[in-house]
Amino acid sequence: MHQSQLFNRTRLKLAAWYAGVMGLILSGCGIAVYLHLAQVHWNAIDGEIETLAGTLHDSLEPILEKPGELSDRVEQVLPGLCRSQTACKTPPASSHIHVLGVSTQDLYYIQFLNLSLKRLGTVNTPPQATPQIQTQPWRTIVDDQGHRYHQVSLQLKTSTGQPWGYLQVGRTLEGYDDHLQSLKIFFVFGMPIAILTIGAASWALAGIAMRPVYDSYQQIQQFTADAAHELRTPLAAIQANVEATLGTTSLSEAQGTLQTIERQNARLSQLVQDLLMLSRMDLKVFPMKHQIVCLNDVVQDLVEELAALALSAHITLKEELNVNHAVNVMGDEEQLYRLVTNLITNAIQYTPADGTVTVQLSIEDQTAIIQVQDTGIGIAATDQARVFDRFYRVSSDRSRHTGGAGLGLAIASAIVDAHHGKIHVQSELGKGSLFTVQLPMKSSRSELSKSC
């Protein structure tokens with residue numbers, strides 16, 4: 001397959017399409033995962049800020065007395081509070097727990113604004129941006145260095161219900177942005193590696209998927225070449241005889257030529273019929289009868305009919321019925337006759353003079369077994385897997401001498417498959433071959449015995 005440009009191009013296209021589709025799927029999944037993680041992280045930040053802001057809001061409003069003024073009691077709640085226009089003091093470490101252990105962390109900041117949006121005090125360092133109150137309480141701020149912050153603004157009231165000012169709680173988004181950046185880097189560098197890995201796997205999988213197609217293509221090419229070769233021989237013989245006859249006026253020579261043409265035409269007709277039969281059986285359009293067939297009669301009749309052929313080849317043909325009752329199967333009687341005929345004639349053709357061909361019939365586990373054993377030339381182990389291929393012959397010279405085209409065993413195998421059976425061969429060079437056919441017996445022995 002590696003030497004075929006057609007299949008290599010097709011394989012490359014399949015691999016490219018597979019890798020492209022998988023790349024799109026992975027890209028879509030990666031983007032979805034990225035957006036999901038970003039949203040989950042963002043919601044977690046919103047929840048933390050909202051919780052902290054709500055806790056401070058509920059804790060501060062009862063102790064706020066005058067609008068726009070931070071009392072000492074506020075500083076007790078927020079030990080890290082730095083009032084505007086005063087020097088900021090570093091609170092003792094033990095005082096950090098007064099803001100639930102959160103607000104004094106470097107991630108968060110707190111700032112107080114009066115009603116005029118003038119900064120009154122801060123905890124930690126807020127971003128250098130102009131304080132403002134938007135319609136929506138949430139705001140994302142970007143400072144001059146490009147650092148991002150996320151904050152929420154809440155209105156504060158005094159203990160008497162008067163508007164006091166605003167509380168803004170926020171945190172830096174540096175950790176959030178770093179996390180998203182690491183995800184982007186992972187996807188940017190990981191996606192090409194994944195695509196390359198998928199491409200390599202796609203190339204291998206495309207090769208595996210195309211192997212049966214390539215094998216079928218090779219079989220078609222081989223079948224075409226073999227069929228052309230088989231058809232060319234009789235056609236060439238007919239052509240040569242016709243040309244020779246045209247140059248003579250002898251009636252006896254013309255009759256001999258016509259006889260030769262008749263033989264070659266019969267060979268062509270048989271070859272075409274065999275090919276048509278195999279084609280129809282492959283397409284499952286070959287008409288097959290379903291009737292009770294007595295295999296005892298099939299074996300006995302064919303041994304009797306082919307005795308003359310075996311005798312002319314100086315071969316002993318005998319039968320062994322290892323059963324004491326009728327062996328019947330459901331199937332097409334004509335096809336089963338053709339099956340056993342092909343096996344016997346094949347054995348006779350490949351058995352030297354003074355050899356023996358034995359046809360056996362037996363039953364094992366409700367399976368009818370037909371065995372044709374010969375003492376012929378045998379089949380090499382490397383050839384046994386191909387003896388049922390079309391036009392394949394172990395010994396071409398002997399086949400041509402006997403008129404074989406290499407379709408007999410192929411037809412036998414097709415008939416066995418059509419009857420849901422099995423066929424296999426056991427052979428050794430110089431010691432003969434044993435062909436075994438197993439056919440299912442679908443009815444009870446008592447019912448089938450009525451047909452013989």
* Intermediate values then yes/no, side chain to side chain contact (heavy atoms under 4.5 Å, CB included), Val372 and Val357 -> CA-CA 7 Å; Val372 178; Val357 175; 4.1 Å; yes
* Apply side chain to side chain contact (heavy atoms under 4.5 Å, CB included) to the pair Arg148 and Asp177, showing each step before the final yes or no. => CA-CA 8 Å; Arg148 298 201 309 155; Asp177 291 338; 2.8 Å; yes
* Asked: Can Val437 and Lys422 be said to form a side chain to side chain contact (heavy atoms under 4.5 Å, CB included), step by step?
  -> CA-CA 6 Å; Val437 175; Lys422 297 179 181 179; over 6 Å; no
* To do: Could you go through the side chain to side chain contact (heavy atoms under 4.5 Å, CB included) check for Tyr34 and Leu180 one step at a time?
  => CA-CA 8 Å; Tyr34 174 84; Leu180 295 185; 3.8 Å; yes
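The backbone N or O of Pro127 sits nowhere less than 3.5 Å from a side-chain atom of Asp143 that would complete a donor-acceptor pair. Of the possible donor and acceptor atoms, none in the side chain of Ser413 sits under 3.5 Å from a partner among the backbone N and O of Leu409. In this structure, Asn124 contributes its side chain and Tyr108 its backbone to a donor-acceptor pair below 3.5 Å. At distances below 3.5 Å, not a single donor-acceptor pair connects side-chain atoms of Ser116 with backbone N or O atoms of Lys118. Looking only at distances, a side-chain donor or acceptor of Gln384 sits under 3.5 Å from a matching main-chain atom of Ile379. Judged by distance alone, the side chain of Asp365 and the main-chain N or O of Thr367 form no donor-acceptor pair under 3.5 Å. Counting only distance, with no hydrogens or angles, the side chain of Ser427 and the backbone of Gly432 share a donor-acceptor pair below 3.5 Å. Here the side chain of Asn296 pairs a donor or acceptor atom with the backbone of His325 at under 3.5 angstrom.
Between the side chains of Asn43 and Gln39, a donor-acceptor pair is found at a separation under 3.5 Å. A donor-acceptor pair shorter than 3.5 Å can be found between the side chains of Asp46 and His150. With hydrogens and angles left out, the side-chain atoms of Gln151 and Tyr109 include a donor and acceptor closer than 3.5 Å.
Residues Leu64 and Val74 come closest through the heavy atom pair CD2-CG2, 3.8 Å. Ala53 and Val152 get closest at one heavy-atom pair: CB-CG1, 3.8 Å. Contact detail for Ala368 and Val329: the closest heavy-atom pair is CB-CG1, 3.9 Å. Pairing each heavy atom of Asn114 with each of Gly68, the nearest pair is CB-CA, 4.1 Å. Asp374 and Ala347 get closest at one heavy-atom pair: OD2-CB, 3.6 Å. The shortest non-hydrogen separation linking His57 to Leu154 is CB-CD1, 4.1 Å.
In this structure the side chain of Ile370 never reaches within 4.5 angstrom of the side chain of Phe435, judged on heavy atoms. Side-chain atoms of Pro163 and Leu115, non-hydrogen and from C-beta on, do get closer than 4.5 Å to each other. No side-chain heavy atom of Met441 sits under 4.5 Å from any side-chain heavy atom of Asn328.
To the nearest 0.5 angstrom, Asn322 atom CG is 10.5 Å from Ile363 atom CD1.
Among residues at least two apart or in separate chains, side-chain hydrogen bond (donor to acceptor under 3.5 Å, both in side chains) pairs with a member in residues 152-165 are Ser153-Gln168, Thr158-Thr160.
When the options Asp178, Val142, Ile45 are evaluated for a side chain to side chain contact (heavy atoms under 4.5 Å, CB included) with Leu173, the one that passes is Ile45.
Other residues, nucleotides and ligands contribute over 12 non-hydrogen atoms within 6.0 Å of the CD atom of Glu320. Atom CD of Gln291 has more than 12 neighbouring heavy atoms from other residues, nucleotides or ligands inside a 6.0 Å radius. Within a 6.0 Å sphere centred on CH2 of Trp138, heavy atoms belonging to other residues, nucleotides or ligands number more than 12. Other residues, nucleotides and ligands place no more than 12 heavy atoms under 6.0 Å from the OH atom of Tyr18.
Under a 4.0 Å N-O distance rule, the pair Arg83/Glu75 qualifies as a salt bridge.
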